[in-house]
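These notes are about the structure you will find just below.
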Amino acid sequence: MTRPLRIALVAGEASGDILGAGLMQALKRQHPQVEFIGIGGPRMEAEGLASYFPMERLAVMGLVEVLGRLPELLARRKRLIRTLIEAKPDVFIGIDAPDFNLTLELKLRQAGIKTVHYVSPSVWAWRQKRVLKIREACDLMLTLFPFEARFYLDHQVPVRFVGHPLANTIPMQADRAAARDVLGLDRDVAVVALLPGSRGGEVARLGALFLDAAERLRALRPGVRFVLPCASRERRVQLEELLGNRDLPLLLLDGQSHEALAACDAVLIASGTATLEALLYKRPMVVAYKVAPLTYRILKRLVTSPYISLPNLLAERLLVPELIQDAATPDALAQTLAPLLDDGAVQTEGFDVIHRALRHDASEQAADAVLKLAGLA
């Protein structure tokens, strides 16, 4: 080739930024003459991506919540399609954000650009007909979980299961005592990590609920302490306002979610990627989630999967409790969480098997698949 390999990537939120950065590192190791264009966050930018616009403009959740942002999202995608077709990347990689990226991939593939989608949307759980669009839009689907790859093979979509990067990043046995020393926590007290989500909307719906549940849990277990990692400066300000004058032995952290998970005895957590992190740290958890009431009513009719959290989907059974929407009350969360401080092993004995199944050097495998698609491996 007379010029470096040009890879375009688009990530829409923090978890995609982490995956994208890992993939970019692996691509540089396997093919040093590579340049990156597209949309990403601070981690991807640190690896050499000049983002066309801030990644946060794509970070929106929920069927109803997205409506207010729809004109902006559609306009940005239209401009991005033109920009990328003119740039002629060798491969385009859409990282998660399927509602934004799949249409982008379809238009780029129709223009002769090879396309990869990294992180499967939940087509196996709801709106399964999306697999038809995926088949048309993607030259290759890269999945993080084995049950997803089986679904795509059944639907004649080229797929490669690469594992999950976090399964390699997180040790098989985390050092709880060392993590507590780093955070300045007593080694002998019960510690619960509160993870109400990384998005502003999630914290708005779950932040006060989790703090209320912490107060109820403290009444049941007076010696318990809490740690709450803040995903960003904005989330910290939001959580400080929600804390107000509450009398809670709570340590707010700037980031450090992995340290919080390593240090704690149990976790109260929003459904999402963080539940996988808690599983990999072998910490018992209670999963909670709330969305806008109309979004919930729509999803309840559409979703066919019996579970929403990754630990249960991976185990293919009810491994961790899920308290969703109206079931997620402060008392219910506290009552469900309290026994895990004494007997968390009832959950975590199944976590090790899942961890090993996901440990496949995902970033290297994904990079290898991308380079093969580009005809360079």
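Hydrogens, waters and symmetry mates are skipped; everything else that's a heavy atom, side chains included, is used. Residues take their numbers from the sequence shown, with the count starting at 1.
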Donor-acceptor pair between S120 and Y152 side chains, under 3.5 angstrom: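 The answer is yes; a qualifying pair exists.
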Between L9 and Y118, does the side-chain contact (heavy atoms from CB on, under 4.5 Å) criterion hold? Intermediate values first, please. CA-CA 10 Å; L9 309 95; Y118 189 17; over 6 Å; no
Please check if the number of heavy atoms outside K290 that lie under 6.0 Å from its NZ is greater than 12.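 Yes.
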Would [X] and [Y] pass as an ion pair if we require N to O under 4.0 Å?
{"X": "D352", "Y": "R356", "answer": "yes"}
{"X": "R43", "Y": "E47", "answer": "no"}
{"X": "R221", "Y": "D342", "answer": "yes"}
{"X": "D265", "Y": "R180", "answer": "yes"}
{"X": "D186", "Y": "R225", "answer": "no"}

From [atom1] ([X]) to [atom2] ([Y]), nearest 0.5 Å:
{"X": "L23", "Y": "S363", "atom1": "CG", "atom2": "OG", "answer": "6.5 Å"}
{"X": "I269", "Y": "R283", "atom1": "CD1", "atom2": "CZ", "answer": "12.5 Å"}
{"X": "H31", "Y": "R29", "atom1": "NE2", "atom2": "CZ", "answer": "15.0 Å"}
{"X": "R199", "Y": "E13", "atom1": "CZ", "atom2": "CD", "answer": "4.0 Å"}
{"X": "D96", "Y": "D17", "atom1": "CG", "atom2": "CG", "answer": "12.5 Å"}
{"X": "E148", "Y": "L314", "atom1": "CD", "atom2": "CG", "answer": "8.5 Å"}

Does [Y] offer a backbone N or O that forms a donor-acceptor pair with the side chain of [X] under 3.5 Å?
{"X": "Q335", "Y": "L333", "answer": "no"}
{"X": "R6", "Y": "I37", "answer": "no"}
{"X": "R359", "Y": "A167", "answer": "yes"}
{"X": "T103", "Y": "F100", "answer": "no"}
{"X": "Q238", "Y": "G200", "answer": "yes"}
{"X": "R160", "Y": "M141", "answer": "no"}
{"X": "K372", "Y": "V370", "answer": "no"}
{"X": "Q30", "Y": "E364", "answer": "yes"}
{"X": "K282", "Y": "A174", "answer": "no"}
{"X": "D139", "Y": "V116", "answer": "no"}

Within the structure provided, determine whether [X] and [Y] are in side-chain contact (heavy-atom separation under 4.5 Å).
{"X": "L144", "Y": "L276", "value": "no"}
{"X": "L108", "Y": "P89", "value": "no"}
{"X": "Q110", "Y": "E136", "value": "yes"}
{"X": "L183", "Y": "V191", "value": "no"}
{"X": "V91", "Y": "L371", "value": "no"}
{"X": "E202", "Y": "Y289", "value": "yes"}
{"X": "K114", "Y": "L140", "value": "no"}
{"X": "L194", "Y": "L250", "value": "yes"}

Go through I7 and M24 one step at a time and tell me if the side-chain contact (heavy atoms from CB on, under 4.5 Å) criterion holds. CA-CA 9 Å; I7 301 290; M24 290 167 70; over 6 Å; no
Partners passing salt bridge (Lys or Arg N to Asp or Glu O under 4.0 Å) against D175 (at least two apart in sequence or in another chain):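 Salt bridge (Lys or Arg N to Asp or Glu O under 4.0 Å) list for D175, sorted by chain: empty.
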Determine whether I81 and I85 satisfy the following criterion, side-chain contact (heavy atoms from CB on, under 4.5 Å), listing intermediate values before the conclusion. CA-CA 6 Å; I81 289 168; I85 289 174; 3.7 Å; yes
Strictly by ring pair (Phe, Tyr, Trp, His ring centres under 6.0 Å), give each pair with a member in residues 185-227 just once, sequence neighbours left out.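 Not a single pair qualifies under ring pair (Phe, Tyr, Trp, His ring centres under 6.0 Å).
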Report all side-chain donor-acceptor pairs from residues 319-330 shorter than 3.5 Å, counting only partners two or more places apart or in another chain.
residue: E322; atom: OE1; partner: I308; partner atom: N; Å: 3.3
residue: E322; atom: OE2; partner: I308; partner atom: N; Å: 3.2
residue: E322; atom: OE2; partner: S309; partner atom: N; Å: 2.9
residue: E322; atom: OE2; partner: S309; partner atom: OG; Å: 2.7
residue: E322; atom: OE2; partner: N312; partner atom: ND2; Å: 2.8
residue: Q325; atom: OE1; partner: V291; partner atom: N; Å: 3.0
residue: Q325; atom: NE2; partner: V291; partner atom: O; Å: 2.9
residue: T329; atom: OG1; partner: A332; partner atom: N; Å: 3.1

Mind checking whether F351 and H355 have ring centres under 6.0 Å apart?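 Distance test on ring centres: not under 6.0 Å, no.
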